[in-house]
Amino acid sequence: MAEKLLPVRNYDLAATLTSGQAFRWRLVDGAWQGVIGRQFVRLKQVQDGILVNAPLPSSAEEYLQTNVDLAAVIATFPEDVPMQAAVKACWGLRLLRQDPWECLASFILSSTKQIVQIQQIVRAVCECYGETIPGSPMNTFPSAEKLAALTEENLRACKMGFRAPYLLETARIVANRKLDLESLRRMKTIEARAALTELPGVGEKIANCVLLFAYGFQDAFPVDVWVQKALKQLYFPKRKPSKERLIKFIQTHFGPNAGYAQQYLFHYMRTRYDQAD
DNA sequence: TCAGACCCTCACAG
DNA sequence: ACTGTGAGGGTCT
């Protein structure tokens, strides 16, 4: 087990790992435990960056996106009051770069679920069908091939309810190479989004989550109930804009890093903003 | 465009 | 302690 310091400033590790982009991180004895690919990883925020404890610590660099210049990203945000409040309240919040399959499967499981519940389901899926990692308390996230070979009943045993057939069908499509998740990297946002929404259980919102959290399409902007609430309350306190109107607003207002801005608004609403409606 | 259904769990009333 | 109720990072028909 090796240890390495990834030097980085302006990185709030706890906020990033608990902000609803990834669902497997747990704080144990002052360190964040999780799995990246096939490695069990422990992360610690220290003075000069993030301390990574893993067999191959440098592989966490890509996942954590420690090379991103956060100040430069935030400089592209609009200078309106709500956005600046979110930035101030959530300083150091980052976007991860996750494995596409794990991200896709996890967000199929996310629909109308609280984040705690998503974490529970994902955990059950990994404990039941993931592969053990020698010398580690956690399993890998099960591959599409592994899930494709299961039954709907097998999946329902993990308490995912009506999401089970969606996940199963999507796993089969991915395992059969009817959709190559790697090929999306070379596509434009709009094409990649179209490919993802072909999948059962994947609509605009979940597609945008995968585009943003796994592929790094910075212009993907997931609109869920929280962000919708944020946009309405913060930007249209009096009017009652349609969802169409909101989408238009998003596309023109938030700039090239709209996805990053979205994560700030989401986290801000969920953790800081007084939600008296 | 617009409900309603969809599984299940947990928080919170009473 | 018990039962009832509502809602939760949506999608499909």
Side-chain angles (χ1 to χ4, degrees), chain A residues 15-25 86 90 93-96 98 100 102-125 127-128 147 150-173 179 193-215 217 220-234 240-248 250 254 258-273 275-277:
Chain A
T16 300
L17 297 181
T18 60
S19 64
Q21 354 174 15
F23 302 100
R24 300 196 66 196
W25 294 98
C90 310
L93 179 63
R94 300 279 188 143
L95 288 180
L96 301 169
Q98 302 177 57
E102 173 170 346
C103 189
L104 172 61
S106 298
F107 276 96
I108 286 175
L109 299 176
S110 76
S111 67
T112 51
K113 280 288 179 195
Q114 298 177 10
I115 289 180
V116 233
Q117 298 178 315
I118 303 166
Q119 290 167 339
Q120 289 169 359
I121 298 170
V122 169
R123 187 175 180 183
V125 170
E127 282 177 0
C128 287
L147 295 188
L150 300 175
T151 66
E152 186 180 323
E153 303 314 312
N154 293 150
L155 291 176
R156 278 182 188 259
C158 299
K159 301 172 181 180
M160 64 183 72
F162 64 78
R163 302 158 196 81
Y166 294 150
L167 180 58
L168 183 57
E169 279 313 301
T170 292
R172 289 181 175 162
I173 290 167
L179 175 64
R193 183 184 292 120
L196 286 172
T197 51
E198 285 292 305
L199 297 166
V202 182
E204 293 282 321
K205 190 275 174 179
I206 290 176
N208 280 325
C209 285
V210 178
L211 292 174
L212 185 60
F213 301 143
Y215 292 99
F217 287 97
F221 196 107
V223 181
D224 57 54
V225 290
W226 287 99
V227 170
Q228 228 179 109
K229 198 155 101 181
L231 293 175
K232 284 182 180 171
Q233 283 188 17
L234 300 174
K240 192 173 174 288
S242 68
K243 185 148 184 186
E244 286 305 307
R245 181 73 192 80
L246 277 183
I247 304 270
K248 268 269 170 15
I250 290 161
F254 288 101
Y260 238 104
Q262 172 276 158
Q263 193 64 9
Y264 272 80
L265 291 176
F266 175 70
H267 196 64
Y268 180 50
M269 279 309 270
R270 216 168 63 82
T271 59
R272 317 293 156 90
Y273 192 77
Q275 303 156 24
D277 193 283

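The sequence lines fix the lettering, A, B, ..., with proteins before strands; numbering per chain opens at 1.
- For the residue pair A:Ile108 and A:Pro200, the shortest heavy atom distance occurs at CD1-O, 4.3 Å.
- Between the side chain of A:Tyr268 and the main chain of A:Cys90, no donor-acceptor pair closer than 3.5 Å is present.
- A:Ser19 contributes no side-chain N or O that, together with a main-chain N or O of A:His267, makes up a donor-acceptor pair within less than 3.5 Å.
- Sparse packing is recorded around NZ of A:Lys159, with 12 or fewer heavy atoms of other residues, nucleotides or ligands lying under 6.0 Å away.
- When the C1' atom is used for both C:dG6 and B:dC7, the distance is 15 Å, rounded to whole Å.
- Rounded to whole angstrom, the span from the CE atom of A:Met160 across to the P atom of B:dT9 amounts to 12 Å.
- A donor-acceptor contact under 3.5 Å links the side chain of A:Arg163 to the base of B:dC7.
- If you measure from atom CD1 of A:Ile118 to atom P of B:dC10, you get 14 Å, rounded to the nearest angstrom.
- Separation of the A:Phe221 and A:Phe266 ring centroids does not fall under the 6.0 Å cut-off.
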Under-3.5 Å N/O pairs linking protein and nucleotides 5-7 of chain C:
none

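- Residues passing the salt bridge (Lys or Arg N to Asp or Glu O under 4.0 Å) test with A:Glu169, sequence neighbours excluded: A:Arg172.
- Consecutive pairing runs in DNA chain C reach the stem threshold at B:3-6 with C:10-13, B:8-14 with C:2-8, where a stem means at least three Watson-Crick or G-U wobble pairs with distances under 3.5 Å.
- Distance, A:His267 NE2 to C:dG9 C1': 13 Å, rounded to whole Å.
- Side-chain N/O atoms of A:Thr151 and A:Glu153 include no donor and acceptor closer than 3.5 Å.
- Taking atom CD1 of residue A:Ile108 and atom C1' of nucleotide C:dG10, one finds them 11 Å apart after rounding to whole Å.
- The distance from atom CD of A:Gln119 to atom C1' of B:dC10 is 14 Å, rounded to the nearest whole Å.
- Residue A:Gln262 is classed as a base contact, given a heavy-atom separation below 4.0 Å to a base.
- For the P atoms, the distance linking B:dG4 with C:dG9 amounts to 22 Å, nearest Å.
- What separates CG of A:Leu109 from P of B:dT9 is a distance of 14 Å, to the nearest Å.
- In this model, no side-chain donor or acceptor of A:Lys159 finds a partner on the base of B:dC7 within 3.5 Å.
- A:Ser19 comes within 4.0 angstrom of a nucleotide base, judged by non-hydrogen atoms across all strands.
- The nearest whole Å value for the distance from the CZ atom in A:Phe107 to the P atom in C:dG8 is 17 Å.
- Within the nucleic acid shown, A:Gln228 has no heavy atom closer than 4.0 Å to any nucleic acid atom.
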Under-3.5 Å N/O pairs linking protein and nucleotides 11-13 of chain C:
| residue | atom | partner | partner atom | Å |
| --- | --- | --- | --- | --- |
| C:dT11 | OP1 | A:Gly203 | N | 2.7 |
| C:dT11 | OP1 | A:Gly203 | O | 3.3 |
| C:dT11 | OP1 | A:Ile206 | N | 3.0 |
| C:dC12 | OP1 | A:Gly201 | N | 3.1 |

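- One P atom belongs to B:dT9, the other to C:dC12, and the distance between them is 23 Å to the nearest Å.
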Inset, instruction - Show the numbers, then the answer: is there a side-chain contact (heavy atoms from CB on, under 4.5 Å) between A:Leu196 and A:Ile206? - result: CA-CA 9 Å; A:Leu196 286 172; A:Ile206 290 176; over 6 Å; no

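- In this structure, the salt bridge (Lys or Arg N to Asp or Glu O under 4.0 Å) partners of A:Arg123, at least two apart in sequence or on a different chain, are A:Glu127.
- Scanning all heavy atoms of the two residues, the minimum distance from A:Thr16 to A:Gln21 falls at O-NE2, 3.4 Å.
- For residues 196-205 of chain A, no pair satisfies side chain to side chain donor-acceptor pair (under 3.5 Å), with sequence neighbours left out.
- Between A:Arg123 atom CZ and B:dC8 atom P the separation is 21 Å, expressed in whole Å.
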Inset, instruction - Report the C-alpha distance between A:Leu95 and A:Phe213 in whole Å, list the side-chain angles of each, state the deciding distance to 0.1 Å, and finish with yes or no for side-chain contact (heavy atoms from CB on, under 4.5 Å). - result: CA-CA 7 Å; A:Leu95 288 180; A:Phe213 301 143; 3.7 Å; yes

